[in-house]
Amino acid sequence: MKYKLMLAAMMAALASGSAFANADLAKAKNCMTCHSVDAKVVGPAYKEVAKKYAGDKTAEAKLVQKVMKGGSGAWGPVPMPANPQVSEAEAKTLVKWVLSLK
């Protein structure tokens with residue numbers, strides 16, 4: 001029983017650590033300059049992005065491209081600039097994190 005409890009605690013710690021790591025990646029890549037988790041800044045809140053794309057099986061691929069190449073029109077007139085400092089792997093990590101927010 002103690003083993004199962006310890007294993008569950010370790011899994012929870014790893015899961016929450018991953019969420020913090022992805023928030024740290026968003027800060028490191030300057031995403032938090034225009035976005036926040038809960039509130040609109042220049043761009044939409046990440047929770048709003050997750051809500052908009054919930055259930056869309058093509059969302060991850062679309063958003064990875066938007067992170068890297070930029071885009072416009074989905075959230076209003078302010079365009080999202082390209083982010084050449086973000087690799088495809090980093091973009092996938094960021095998008096998966098954003099889409100996981102509730």
Side-chain angles (χ1 to χ4, degrees):
M1 181 67 172
K2 286 182 182 181
Y3 174 75
K4 288 182 182 178
L5 217 52
M6 189 173 5
L7 182 60
M10 286 176 25
M11 294 301 286
L14 286 173
S16 65
S18 176
F20 287 121
N22 295 328
D24 289 342
L25 179 59
K27 288 176 189 166
K29 296 299 178 175
N30 298 319
C31 304
M32 302 303 252
T33 301
C34 296
H35 299 278
S36 80
V37 172
D38 295 319
K40 177 178 175 33
V41 182
V42 174
Y46 287 142
K47 286 185 177 184
E48 286 298 313
V49 175
K51 184 177 175 181
K52 178 176 182 171
Y53 290 99
D56 181 347
K57 294 181 189 317
T58 65
E60 184 178 326
K62 285 189 283 193
L63 294 175
V64 165
Q65 291 304 307
K66 264 195 188 190
V67 167
M68 293 175 19
K69 296 179 181 177
S72 64
W75 294 93
V78 179
M80 179 170 158
N83 293 285
Q85 79 280 10
V86 178
S87 70
E88 186 170 356
E90 291 168 332
K92 284 181 182 181
T93 298
L94 289 165
V95 168
K96 285 181 182 188
W97 170 66
V98 169
L99 293 175
S100 75
L101 298 171
K102 302 210 176 354

Suppose we screen for salt bridge (Lys or Arg N to Asp or Glu O under 4.0 Å). Which residues come up paired with Lys69, at least two apart in sequence or across chains?
none

State which residues pass side chain to side chain contact (heavy atoms under 4.5 Å, CB included) with Ala91; sequence neighbours excluded, sorted by chain then number.
Val64, Val67, Met68, Val86

Applying side chain to side chain contact (heavy atoms under 4.5 Å, CB included), name anything that partners Ser87, two or more places apart in sequence or on another chain.
Ala89, Glu90

When you look at NZ of Lys96, are more than 12 heavy atoms from neighbouring residues, nucleotides or ligands closer to it than 6.0 Å?
no

Among pairs that include at least one residue of residues 39-68, which meet ring-ring contact (aromatic ring centres under 6.0 Å, His included), considering only residues two or more places apart or in two chains?
His35-Tyr46, Tyr46-Trp97

Are there over 12 heavy-atom neighbours, none belonging to Lys92, within less than 6.0 Å of that residue's NZ?
no

If you compare all heavy atoms of Ser36 against all heavy atoms of Ala39, which two are closest, and at what distance to 0.1 Å?
OG-O, 2.6 Å

Verify the neighbour count for atom NZ of Lys62: are there more than 12 heavy atoms of other residues, nucleotides or ligands below 6.0 Å?
yes

For Val42, what residues pass the side chain to side chain contact (heavy atoms under 4.5 Å, CB included) criterion, not counting sequence neighbours?
Cys34, Val78

Should the pair Lys40 and Trp75 be classed as cation-pi, given the thresholds of under 6.0 Å to the six-membered ring centre and 45° from the axis?
no

Any idea which heavy atoms bring Val98 and Ala50 closest together, and the distance?
O-CB, 3.2 Å

Tell me every residue that passes side chain to side chain contact (heavy atoms under 4.5 Å, CB included) with Lys47, counting only those two or more places apart in sequence or in another chain.
Val37, Asp38, Leu101

Looking only at atom types and distance, does a side-chain atom of Asn83 sit under 3.5 Å from a main-chain N or O of Gln85, one as donor and one as acceptor?
no

To the nearest 0.5 angstrom, please state how far the NZ atom of Lys51 sits from the CG atom of Leu99.
15.0 Å

